[in-house]
Amino acid sequence: MASTESLLLCCPFDYGGARVSQVAPCFGRSLRFPIWNSVHINTDSNPKNYRLRVKVQMQSNMMMKPNSDNKIPHVLTVAGSDSGGGAGIQADLKACAARRVYCSTVVTAVTAQNTVGVQGVNIVPEDFVAEQLQSVLSDMHVDVVKTGMLPSLNIVKVLCQNLRKFPVKALVVDPVMKSTSGDVLAGPSVLTGFLEELLPMTDIVTPNIKEASVLLGGVPLKSVSDMRTAAKLIHDLGPRNVLVKGGDLPDSSDAIDVFFDGEEFYELCSPRVNTRNTHGTGCTLASCISAELAKGSSMLSAVKTAKHFIEVALDYSRDMAMGNGAQGPFDHFLELKNINQSSSRQTRFNPNDLLLYAVTDSTMNRKWGRSIAEAVKAAVEGGATIVQLREKDAETRDFLDAAKVCLEICRSYGVPLLINDRLDVALACDADGVHVGQSDMPARLARTLLGPEKIIGVSCKTPEQAHQAWIDGADYIGCGGVYPTNTKANNRTIGLDGLKEVCQVSRLPVVAIGGIGLSNARAVMEIGEPNLKGVAVVSTLFDRECILTETRNLHALVS
């Protein structure tokens, strides 16, 4: 028998194996969380006690029968079959499995292909495509439809007819027209169907620069500026969001994609991975976006998560040998092959982001007459590489509103934003993660509620605490106080020797905190431990007249 109890997320409690269930309105709207369980939130009726509550269902038996409160996210892929297994339906199935969602299929064509190229294409008759669509959509609740190879105009029309009959949460269109090897997979007539019927129904379209050029009548794309222009022009064709992929952009040392939501442009940059194993990246990216949308992520968050997955999978598979051709497949299931827990979860966390860790303080904000957002903006402009909002005195409604503004600021600079302690606020604003102390929520529960993508940090003073943080699934530890500080009462200091001891045993990257400033930051960074990645500071930045100048000075010192 399962029992259900209401828990206040920001308060510590014993977890013991919980499954999150139910969804209720919060701030006048429903919230979906980036995990594969549904969550319902409501708020205390007293605005001064405006903390978010969830209902957590304690389960002794985790094998549950599906029901309306425990529905598995479901993606339907409508695409061609790749006999080589690198792209198409096969890539979509593997990507969705890797992202932990269910994937059903409608096959539009059967190809004979391998790592050398496409040797043959056999198009499935549109009436049988229609029969497949009817079978799946009429019986199984589909959250997101993702399209790949649509080889004929009639198949495009059949798809649009079924989507009007069976509406879904989102439609993700990967406008496949040529294979990676250059083989034509869709004729010119298909373009008419895209422009007239499919794109106006689309929630996001994900063309590479060649496909974007085709959609715009042959306009060449040679720069990021061209990609931004193309994204705007394609958006004018009807889709609500556009992602122009720049992996094939000439003379670019990074893989730069341009995302446009109709109002803002976002340039998403990642290191270019030098490998031949790139076959199926476009299919996989679109499928990952679909999977994250099916789980309830926002569009931008889904795109970022998918891009990170591709980057990590390519790097993991860079030396894999499969076939004799120029375009090999990559391995979607790296997560299953990594035994080390700290590396098996594919997060957006980069340990180098810990270099200059800025922690805000509500008392200092009031002292200098600054808003939280003003303080954060100055810090990231000065070179802060990660930001933690630690606003102990702020009311929840005000804190949440400020956190949303700070999140936009940080993301525009590519800087992760974490929330100290308050998992409720982190969930509500979709922050990049949380930092918890030893007396706060256990890291293992935070991981369960946040899912695998978010960043989790834990405060530690001892090797034992550092080891437990690794077991619980944290991404990093904050170690200190190294020196005495006025920002935290009764905070026992551990000194450089204590910091060194924790670093030597920690399996996680470490950021040092406590009394660190311009006078001693160099001594901290020079203790000689490779997993010490940076320093976390409060008053050194925020209890100063000019945050921008102080941040620049400290960044120059530690870097």
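Computed from a predicted model, the values in this text were never measured in an experiment.
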K.L.:
Could you tell me whether Asp203 and Arg240 have a side-chain N and a carboxylate O separated by less than 4.0 Å?
P.N.:
yes

K.L.:
Is any side-chain heavy atom of Lys146 closer than 4.5 Å to a side-chain heavy atom of Cys283?
P.N.:
yes

K.L.:
A side-chain contact here means heavy atoms from C-beta on lying under 4.5 Å apart; do Glu292 and Thr305 qualify?
P.N.:
yes

K.L.:
Do Asp331 and Ser317 have a side chain donor and acceptor closer than 3.5 Å?
P.N.:
no

K.L.:
Side-chain donor-acceptor contacts of residues 355-364 below 3.5 Å, not counting sequence neighbours, with atom names and distances?
P.N.:
unit_1: Tyr357; atom_1: OH; unit_2: Gln388; atom_2: NE2; d: 2.7
unit_1: Tyr357; atom_1: OH; unit_2: Tyr476; atom_2: OH; d: 2.6
unit_1: Thr360; atom_1: OG1; unit_2: Arg390; atom_2: N; d: 3.1
unit_1: Thr360; atom_1: OG1; unit_2: Glu391; atom_2: OE2; d: 2.7
unit_1: Asp361; atom_1: OD1; unit_2: Thr363; atom_2: N; d: 3.0
unit_1: Asp361; atom_1: OD1; unit_2: Met364; atom_2: N; d: 3.0

K.L.:
Return a table of donor-acceptor pairs under 3.5 angstrom between the side chains of residues 548-555 and protein atoms on other chains or two or more places apart.
P.N.:
unit_1: Thr551; atom_1: OG1; unit_2: Ile547; atom_2: O; d: 2.7
unit_1: Asn553; atom_1: ND2; unit_2: Thr549; atom_2: O; d: 3.4

K.L.:
What verdict does the side chain to side chain contact (heavy atoms under 4.5 Å, CB included) test give for Asp430 and Ser298, after you've listed the backbone C-alpha separation in whole Å, the side-chain angles of each residue and the deciding distance to 0.1 Å?
P.N.:
CA-CA 9 Å; Asp430 193 27; Ser298 67; 3.8 Å; yes

K.L.:
For a quick test of reading the model, state the closest non-hydrogen atom pair linking Lys169 to Ala294 and the distance between them.
P.N.:
NZ-O, 3.5 Å

K.L.:
Quick one: are Val434 and Asp421 in side-chain contact, heavy atoms under 4.5 Å?
P.N.:
no

K.L.:
Within the supplied structure, the quantity of interest is the number of heavy atoms (other residues, nucleotides, ligands) at a distance under 6.0 Å from Tyr266 OH; does it exceed 12?
P.N.:
yes

K.L.:
How far does OG of Ser290 sit from CG of Asp143, to the nearest 0.5 angstrom?
P.N.:
10.5 Å

K.L.:
Taking the inter-plane angle between the rings of Phe260 and His235 on a 0 to 90° scale, is it parallel (under 30°), tilted (30 to 60°) or perpendicular (over 60°)?
P.N.:
perpendicular

K.L.:
Apply side chain to side chain contact (heavy atoms under 4.5 Å, CB included) to the pair Thr281 and Phe330, showing each step before the final yes or no.
P.N.:
CA-CA 8 Å; Thr281 50; Phe330 64 96; 3.6 Å; yes

K.L.:
Of all the heavy-atom pairs spanning Val535 and Val558, show the shortest one and how long it is.
P.N.:
CG2-CG1, 3.9 Å

K.L.:
Please report the closest heavy-atom contact between Asp353 and Pro416, naming both atoms and the distance.
P.N.:
OD2-CG, 3.5 Å

K.L.:
Who are the ring pair (Phe, Tyr, Trp, His ring centres under 6.0 Å) partners of Phe399, not counting sequence neighbours?
P.N.:
none

K.L.:
Any side-chain heavy atom of Val405 within less than 4.5 Å of one from Asp401?
P.N.:
no

K.L.:
Heavy-atom distance under 4.5 Å between the side chains of Cys406 and Ile372, does that happen here?
P.N.:
yes

K.L.:
Do Arg422 and Thr396 pair up side chain to side chain, a donor and an acceptor below 3.5 Å, judged on atom types alone?
P.N.:
yes

K.L.:
With a 6.0 Å cut-off (strictly less than), is the heavy-atom count around NZ of Lys377, excluding the residue itself, greater than 12?
P.N.:
no

K.L.:
Tell me, do Asn531 and Leu508 make a side-chain contact under 4.5 Å, heavy atoms counted?
P.N.:
no

K.L.:
Gln438 and Cys460: side chain to side chain contact (heavy atoms under 4.5 Å, CB included), yes or no, with the steps?
P.N.:
CA-CA 7 Å; Gln438 290 296 315; Cys460 299; 3.9 Å; yes

K.L.:
Could you check whether Lys454 pairs with Asp475 (Lys NZ or Arg NE/NH1/NH2 to Asp/Glu carboxylate O, under 4.0 Å)?
P.N.:
no

K.L.:
For a quick test of reading the model, state the closest non-hydrogen atom pair linking Leu557 to Ala521 and the distance between them.
P.N.:
CD2-CB, 3.8 Å

K.L.:
Looking at Glu408 and Lys404, is there a salt bridge between them, counting it only when a charged N and a carboxylate O are closer than 4.0 Å?
P.N.:
no

K.L.:
Decide, yes or no, whether a salt bridge links Asp257 with Lys307 under the criterion of side-chain N to carboxylate O below 4.0 Å.
P.N.:
yes

K.L.:
Measuring from Ser287:OG to Asp174:CG, what's the distance to the nearest 0.5 Å?
P.N.:
8.0 Å

K.L.:
Between Thr540 (side chain only) and Ile516 (backbone N and O only), is there a donor and an acceptor less than 3.5 Å apart?
P.N.:
yes

K.L.:
Identify the two heavy atoms, one from Pro73 and one from Val101, that lie closest to each other, and give their separation to 0.1 Å.
P.N.:
O-CB, 3.6 Å

K.L.:
Rounded to the nearest 0.5 Å, what separates atom OG1 in Thr462 from atom NE2 in His467?
P.N.:
11.5 Å

K.L.:
Who passes side chain to side chain contact (heavy atoms under 4.5 Å, CB included) against Ile527, sequence neighbours left out?
P.N.:
Leu496, Leu499, Lys500, Cys503, Glu529, Leu532

K.L.:
What pair of heavy atoms forms the shortest contact from Thr385 to Asn352, and how long is it?
P.N.:
OG1-O, 4.4 Å

K.L.:
Run the side chain to side chain contact (heavy atoms under 4.5 Å, CB included) test against Ala443 and tell me which residues pass, sequence neighbours left out.
P.N.:
Ile456, Val458, Asp472

K.L.:
Might you work through the side chain to side chain contact (heavy atoms under 4.5 Å, CB included) test for Val511 and Lys533, ending with a clear yes or no?
P.N.:
CA-CA 6 Å; Val511 59; Lys533 298 300 183 181; over 6 Å; no

K.L.:
List for me each residue that meets side chain to side chain contact (heavy atoms under 4.5 Å, CB included) alongside Thr493, sequence neighbours excluded, and say none if there are none.
P.N.:
Pro484

K.L.:
Heavy-atom distance under 4.5 Å between the side chains of Ile409 and Val380, does that happen here?
P.N.:
yes

K.L.:
Just so I know, are the side chains of Thr206 and Val242 near enough to count as touching, which here means a heavy-atom distance under 4.5 Å?
P.N.:
no

